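Here the structure is a predicted model, which means the values were calculated and not measured.
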Amino acid sequence: MAASPGEEGFDLDEVLAKYDRESAFRRLAGPVGRLIALVLIGFSLFQLYTAAFGVLDARIQRAIHLAFGMSLVFLLYPARKGGSRTSLPWWDVLLAVASAAVSLYLVVFYHEIVMRAGMPTTADLVVATLAVLLVLEAARRVVGLPIVIIAGAFLVYALVGRQLPGFLAHRGYSFSQIANHMYFTTEGIFGLPLGVSATFIFLFILFGAFLEKTGIGRFFIDLANAVAGFASGGPAKVAVITSALEGTVAGSSVANTVGSGSFTIPMMKRLGYRPEFAAAVEATASTGGQLMPPIMGAAAFLMAEFTGIPYIRIATAALLPAILYFTGIFIAVHYEAKRLGLKGIPRDQLPSVWSVIRERGHLFLPLVAIIVLLVQGNTPMKAAFYGIVLAVVAAMIHPSTRMSLRDIIAALEQGARAALGVVMATAAAGIIIGVITLTGLGLKLASGLVSLAQGQLFLTLFFTMIASLILGMGSPTTANYVITSTIAAPALLQLGLPVLVAHMFVFYFGILADITPPVALAAYAGAGIAGAQPMKTGVTATRIAVAAFLIPYIFAYNPSMLFIDVTWQQILQMAITSILGMFGVAVAMGGFFRTNLTVPERILFALGGVLMIDPGLVTDLVGLILLAGGVGLQLWRVRQQPHRQVGASV
């Protein structure tokens, strides 16, 4: 993305750097910049090689992955958030070399380390200690301070366990025992989270970089304009559709907000939407991208490994909640446009659906291929690898999407750089999991959470939601999910929830943290583009997505929403009634249907909507009656006041 200011006077790179730590990287020119670019390209080529010809031994694969990732973080990310992004100090070069050395130590001395397992030498402990410190510092630079504070607190807990009171006490571990566990086992830094990053998460991020180079983002925007640009509030609906489509290939709420928002937010403002509403719509829709199958966010791949549930099953379970999420936003946008009397873009200024598909529809082929490969039982790593190859091949079909050698090299570089945040988040999360496996803290915290909630499911769900939202404020969903899935999810499992439901619950709220004040990073990024007040934008985004906050509670009480033990007939019924329910909640929150709602009408729409989202015959019938009552009252009032403006036509 170019660094030039957009038409509204904002600089996209600066907005990204301000609200997304992963985008605040150095832009170095000359030999140093070219050397770093070569390392990034080498990182991608290493991952592609192991995907094609088979991964190495788990610890060696992860150590090389971390050596690339951690050293690149020190080369690309300043120590301070506002530090210079055009120069590289000598100490960061030294830290980069040290990072590569402590990671590759495990590779070079692999056989010796295996032979003396459990009996580390002094050199081993020095390297292990340096590795932990460097991982925490690199994570601070690219991910943020919250995960470092949590990981640091967990390390202190492991060290001083004997002195702690009550159920938190444990036998305590020495410095050398902790260092050994964190570095020389697959339960610490080189644990499962980093293992997932070192195999298929990196490849899916690289796949997204290749698709971006084919121009799929522009294709999504053009297709959304052709489908909905002419309707009431067309540009806002375009933002929702575009973000849903981009969510299939991108896993960053902030990057998605800035990428598509640079086009959609100015259009919404020109149409007449308030800046805060325009920014909130884009942020809310972009955040939902991590819920949208088939790719979703990086945390979904971790979920597959943590739970042992095939990834395609997780993506299927996420389908209906994702549809409801975007339906609620779409309806909120529609009735806001009706309330303001906003029209769409004239049809003669928009492309036709057929012309867009004819020119760029082939860009969908890699996405379709990935779905087919996953359904056939291929591993996500193989699916992503073949998806990358097919992205290059499919782009050749039309001259406008054809990739040059320069584009391919740029995609390799961009993909590796985009993966650095995930690399360090998973490495730091490995420290947290390492302490949990060493001390048994996870089970203790889960039991404590259940005791605090007095064994009541609703209170346990509520406390888990709060924990997920707090942990997600300023942290990537990956790190959030790792922590909550090892601490909060076990509490839900103790109360009898299915594994998929418990993990999907914490995953869902970890994502919603990006639009939840006071640290709603996606909303604030949208506000930066719109020139809106950040906090007001965050509050507006939460209001637009309020129905989405109900969905996890509903599938916790009724797992059929995640397609658990249901028939196709029940799925169809759930889809129809739940969409009607989202309509009710969205109308109630917006305060407008055919005219402004009265308080009783709002109550009818809200209660009816909530009841219809909940799968169940009785709740659906009662909800339908309440919704019908709200609609009936509105229509009666409109007939009584025919002279009043009731909104623009679609």
Side-chain angles (χ1 to χ4, degrees), residues 21-22 43 46-47 50 55 58-73 77 99 102-103 106 131-132 134-148 150-152 154-155 181-183 185-206 251-252 290 295-307 311 380-381 384 415-437 471-472 474-487 489 503 506-507 510-511:
R21 294 188 70 94
E22 295 178 31
F43 193 7
F46 165 74
Q47 296 294 154
T50 55
V55 296
R59 278 191 285 184
I60 293 178
Q61 175 85 16
R62 297 169 191 180
I64 296 174
H65 182 76
L66 183 62
F68 270 115
M70 188 157 55
S71 59
L72 282 165
V73 166
Y77 290 87
S99 297
V102 298
S103 300
L106 194 62
V132 171
L134 287 169
V135 164
L136 292 176
E137 170 58 14
R140 182 191 68 82
R141 292 191 182 197
V142 69
V143 180
L145 196 57
I147 191 172
V148 176
I150 294 170
F154 272 61
L155 287 171
H181 187 76
M182 292 300 155
Y183 184 82
T185 73
T186 54
E187 300 289 338
I189 291 171
F190 299 107
L192 183 60
L194 187 64
V196 179
S197 174
T199 51
F200 41 83
I201 289 181
F202 185 99
L203 290 173
F204 273 99
I205 293 173
L206 187 59
S252 170
Q290 293 183 77
I295 295 179
M296 305 169 66
F301 296 106
L302 286 171
M303 190 189 303
E305 293 299 307
F306 283 6
T307 62
Y311 177 76
M381 185 173 69
R417 189 168 55 236
L420 296 181
V422 174
V423 174
M424 297 320 306
T426 52
I431 294 175
I432 296 168
I433 292 180
V435 172
I436 289 173
T437 58
L471 290 169
S475 296
T477 309
T478 310
N480 183 323
Y481 169 73
V482 169
I483 299 168
T484 53
S485 65
T486 52
I487 296 174
H503 282 259
V506 298
F507 171 68
I511 289 171

With rounding to the nearest 0.5 angstrom, report the [atom1] to [atom2] distance, [X] to [Y].
| X | Y | atom1 | atom2 | answer |
| --- | --- | --- | --- | --- |
| Ile147 | Met424 | CD1 | CE | 9.5 Å |
| Phe190 | Met182 | CZ | CE | 12.5 Å |
| Leu206 | Gln47 | CG | CD | 9.0 Å |
| Phe200 | Phe301 | CZ | CZ | 7.0 Å |
| Tyr311 | Met303 | OH | CE | 9.5 Å |
| Glu137 | Ser99 | CD | OG | 9.5 Å |

Under a 4.5 Å cut-off applied to non-hydrogen side-chain atoms, are [X] and [Y] in contact?
| X | Y | value |
| --- | --- | --- |
| Thr484 | Phe507 | no |
| Tyr77 | Leu72 | no |
| Ile189 | Leu66 | yes |
| Val132 | Leu155 | yes |
| Ile433 | Val482 | yes |
| Ile483 | Ile150 | yes |
| Leu192 | Phe306 | yes |
| Leu302 | Pro193 | yes |

Would a distance-only check, ignoring hydrogens and angles, find a side-chain to backbone donor-acceptor pair under 3.5 Å from [X] to [Y]?
| X | Y | value |
| --- | --- | --- |
| Arg62 | Leu194 | no |
| Gln61 | Thr199 | no |
| His181 | Gly434 | yes |
| Tyr481 | His503 | no |

Kindly give the heavy-atom pair with the smallest separation between [X] and [Y], and that separation in Å.
| X | Y | result |
| --- | --- | --- |
| Ile436 | Phe154 | CG1-CE2, 3.8 Å |
| Ser197 | Val422 | OG-CG1, 4.0 Å |
| Phe204 | Pro380 | CE1-O, 3.3 Å |
| Ala419 | Phe202 | CB-CD1, 3.5 Å |
| Ala428 | Ala151 | O-CB, 4.3 Å |

Criterion side-chain contact (heavy atoms from CB on, under 4.5 Å) against Val148, the qualifying member of Leu136, Val143, Ile431, Val135
Leu136
Do Met381 and Val55 pass the side chain to side chain contact (heavy atoms under 4.5 Å, CB included) test, and can you show the C-alpha distance, the side-chain angles, and the key distance before you say yes or no?
CA-CA 10 Å; Met381 185 173 69; Val55 296; 3.8 Å; yes
Just checking Phe46 against His65, ring centres under 6.0 Å apart?
no
